[in-house]
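Heads up: the structure comes next, in structure tokens.
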Amino acid sequence: MDLTTRLHLLNLVRLSASSESTCRAAERAERRARLRRKEAAAARRRCRSAVRTAPSRDLDDAVEALADAQREYEARAGQVEAAGLRWRRALVASERADARLGGELARTRKLTSAGQPRRKGARLAAEVSLLAELAAMPEDLIRAASALLVQSSGGKDSVVMLDRVVQWAKAAGCLDKVVVVHADIGQEAEWPGVRDLARRQAERYGLRFVVVKAPVGFLGMVEKRGLWPDAQNRLCTSTLKRDEAAKFFTQIVEELGLDEQALLVNCLGIRADESPLRRRKPELAIDHRASNGRRLVLTWHPVFHLTEREIWQEIVDNTLDYHPVYDTLIPRLSCTFCILASFDVLVRAVRLCWVWGLETPKTYVDLEDRIGHRFKNKFSLAEVVAEASRLEAAEGPITWRRGDAIRHHLGKEAADLYLQQLALAA
Ligand code: SF4
């Protein structure tokens, strides 16, 4: 099966899934409309009974109330009819989308009717196998893409992902399709120099660099909600990063000005060994929420199977620039204080802020105090700062050398080699 057919089938999978969810929503709306009609019928019954038993002085009011109840009932009945019609139409559209996908799958894969995605499970199976096939042919995927958006935090996984995508794109002769997108979540929440580093990493390959930014940054969002986000409610990622990236999807599709549906490949630098949750993610997936008739958006994780050690090895092998935060053995270049970080990492982050003369710990502790909500369930940032003060008094400020992250992960020789190569490249 060629790539165009696979992409065509994936779009049919998307249509089938989307029409099924429209159908489910229409069914729920119809059920709600029936419930409201039932309530209106009960109100009308009560009004009728009131008319029958009302003393003559209250009769006019009771009759008027009954007329209102009758009008309300008729309006509700009309809504039930309209909702029922929408549901039946959605059902037909969903069945057609399923049948079309089933027919195309059967035709292209010579399946029997048993392979038709009448059930969600069969459609998912088709989606999973098509995506796995595509993930195994990165150059072809890049060739087929209308644009490749590399979401870069400037961190170690992002820079390796970018380098990989660039190598594949060069081999496919499509480097001009790559755009690096950096989500700025507010300078006061990020380590200094993150945005400039992400820009330099993109400029190394002569790529377009775009910064997306929500109107309200991380701290503004916390202040407004009066709550810190947590692992279950990662509003910081969804609101400040994903939603802003989705706005750029619209912009790039307009810029492309294609007559047919655009294929956007959205690259994220997440890895399976980061967490059990991430391990369950597929390497390549349809972004159902962001896809529509004008664009099919695929989310791709080009460094999904790399270990942390392999990431550092690629950084050394390709002399990739990384942020000095890693040399202090803070494992992720996330927000200065990430809601997912452990106590020890946060303590180290506070101490690094003090070395660099940053106000961030005070800003966060003041905010925590103001909103009366602990930074994490298990501990507050005030406790983190207290522990950092204790360690600072006992040990003095933290120290590090350039290359310590590589020394830690790969040993002294690799660090020396990296620093030599870096000096030569300067
Ligand atoms: S780095 Fe952590 S705190 Fe910052 S946006 Fe991501 S999950 Fe939220």
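The residues of the chain are indexed from 1 along the displayed sequence. In each ligand, atom 1 is the first atom listed, and ligand 1 is the first ligand listed. Values in this document were obtained by computation on a predicted structure and should not be read as measured data.
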**Request:** Give the C-alpha distance, both sets of side-chain angles, the deciding distance and a yes or no for side chain to side chain contact (heavy atoms under 4.5 Å, CB included) between E188 and T360.
**Result:** CA-CA 7 Å; E188 70 290 350; T360 325; over 6 Å; no
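A salt bridge does not link E27 to R24: none of the charged nitrogens lies less than 4.0 Å from a carboxylate oxygen. With respect to the salt-bridge test (charged N to carboxylate O, under 4.0 angstrom), the residues R271 and E308 do not qualify. For D366 and K362, the salt-bridge test passes: some basic side-chain N is under 4.0 Å from an acidic carboxylate O.
What sits closest to atom 6 (Fe) of ligand 1 on the protein, heavy atoms only, is K241 NZ, 3.6 Å.
Distances shorter than 4.0 angstrom do not occur between any heavy atom of R332 and any atom of ligand 1.
Remark: W312 pairs with Y322, Y326, H409 by the ring-ring contact (aromatic ring centres under 6.0 Å, His included) rule, at least two apart or across chains.
Counting only protein N, O or S atoms, the number found under 2.8 Å from atom 2 (Fe) of ligand 1 is 1.
Of the N and O atoms on the side chains of Q151 and N266, at least one donor lies less than 3.5 Å from an acceptor on the other residue.
Between F375 and W228, the ring planes lie perpendicular to each other; the angle is over 60°, past the 30° to 60° tilted range.
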